[in-house]
Number of protein chains: 2
Amino acid sequence: MTDQLSAVFGALADPTRRAILARLRAGDANVAELAAPFAMSQPAVSRHLKVLEAAGLITRSRRATARLSHLEANPLRDATAWLAGYREYWEESHDRLDELLARLQDTHPEEDEEPT
Amino acid sequence: MTDQLSAVFGALADPTRRAILARLRAGDANVAELAAPFAMSQPAVSRHLKVLEAAGLITRSRRATARLSHLEANPLRDATAWLAGYREYWEESHDRLDELLARLQDTHPEEDEEPT
DNA sequence: CCCTTCTAGAACGAAATGGTTATAGATGAC
DNA sequence: GTCATCTATAACCATTTCGTTCTAGAAGGG
């Protein structure tokens, strides 16, 4: 987890953290609000936020005693850019092949096989 | 790492595994070929391949004693689809808003304020 | 000030991760 | 069958990760 991309993908590898990001699309929120949906202690959520912050996926500010988390989606753009390098490997081939196979199945239903 | 998306993002969180995927764009390869670029033992690479396979990012076949790894990019499409849910948070807003603010500052430098 | 509110840190434990070396297993050649 | 080749597994270790509970710290309100 040395580079930025690894940190971003690593942050996204956790369902709780993805849910937190999803929540933040609705607007900034404090730790208590972010922790509410989860059967998890507050310190656990605080550490998830620390991971997201380290990956550059959120920034934080204070409002009174609360600390607001704010979504920073730019690293997600970087991740998307990386994934774009693989577009051709699922765009051209499978979907068209699947369509082709679907049409073949319509006419010859027996030709489908499940190779273990 | 219970669900599929977590497995995919988790697999992508490692630079070695991303490099392996990059290599596989050039064509199928056996373990020895995949291990060559890295200062790492063969079993270590075998386990990285196991992680990639578990995430659905590669499939494997035999050719004589060798096992060929084949890139399966479909999970990357799923990951891209997830990331697409955040597009508006970096595409529409920042760049255009920043440009707008820059132009406003040029003509009315005082109207900019930082709330809190 | 003191007290309440909200969040972070410390200390701990279980499990996962990423590497090692040594060895076993599968496959094809002879 | 025997041997060579290629890869996986086993056993081990260090580190990281993810959760816990308890406590400390920061910021305002009365």
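Letters A, B, ... mirror the listed sequences (proteins, then strands); counts begin at 1.
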Evaluate the ring planes of A:F9 and A:W82, with Trp represented by its six-membered ring, and classify them as parallel (under 30°), tilted (30 to 60°) or perpendicular (over 60°).
perpendicular
Could you report the tightest heavy-atom contact between [X] and [Y], atom names first, then the distance?
{"X": "B:M40", "Y": "B:A44", "result": "CG-CB, 3.3 Å"}
{"X": "A:E72", "Y": "A:T59", "result": "OE2-OG1, 3.0 Å"}
{"X": "B:L49", "Y": "B:I58", "result": "O-CD1, 3.4 Å"}

Has B:K50 got a side-chain N or O lying under 4.0 Å from the OP1 or OP2 atom of D:dT9?
yes
Check whether any side-chain N or O of A:R67 sits under 4.0 Å from OP1 or OP2 of C:dA8, and answer yes or no.
yes
Which whole-number value in Å describes the distance from [X] [atom1] to [N] [atom2]?
{"X": "B:L49", "N": "D:dC6", "atom1": "CG", "atom2": "C1'", "value": "13 Å"}
{"X": "B:L52", "N": "D:dA8", "atom1": "CG", "atom2": "C1'", "value": "16 Å"}
{"X": "B:L12", "N": "C:dG18", "atom1": "CG", "atom2": "P", "value": "12 Å"}
{"X": "A:M40", "N": "D:dC18", "atom1": "CE", "atom2": "P", "value": "10 Å"}
{"X": "A:R63", "N": "D:dG29", "atom1": "CZ", "atom2": "P", "value": "12 Å"}
{"X": "B:I20", "N": "C:dG18", "atom1": "CD1", "atom2": "C1'", "value": "13 Å"}
{"X": "A:Q42", "N": "D:dC22", "atom1": "CD", "atom2": "P", "value": "14 Å"}
{"X": "A:N30", "N": "D:dA27", "atom1": "CG", "atom2": "P", "value": "16 Å"}

Nucleotide nearest [X] (side chain, heavy atoms from C-beta), chosen from [options]:
{"X": "B:S41", "options": "D:dT7, C:dT21, D:dC18", "value": "C:dT21"}
{"X": "A:R60", "options": "C:dT7, D:dG28, C:dT27", "value": "C:dT7"}
{"X": "A:A64", "options": "C:dG18, D:dG28, D:dC18", "value": "D:dG28"}
{"X": "A:H48", "options": "C:dA8, D:dC18, C:dG18", "value": "D:dC18"}
{"X": "A:A44", "options": "C:dT21, C:dG18, D:dT20", "value": "D:dT20"}

Closer to the 5' end of DNA chain D via nearest nucleotide, is it B:A29 or A:T16?
B:A29
Which residue, A:T65 or A:P43, contacts DNA chain D at a nucleotide closer to its 5' end, judged by nearest heavy atom?
A:P43
Under 4.0 Å, heavy atoms only, any strand: does B:R62 hit a base, just the sugar-phosphate, or nothing?
sugar-phosphate
Is there a donor-acceptor contact under 3.5 Å linking the side chains of A:R87 and B:T80?
no
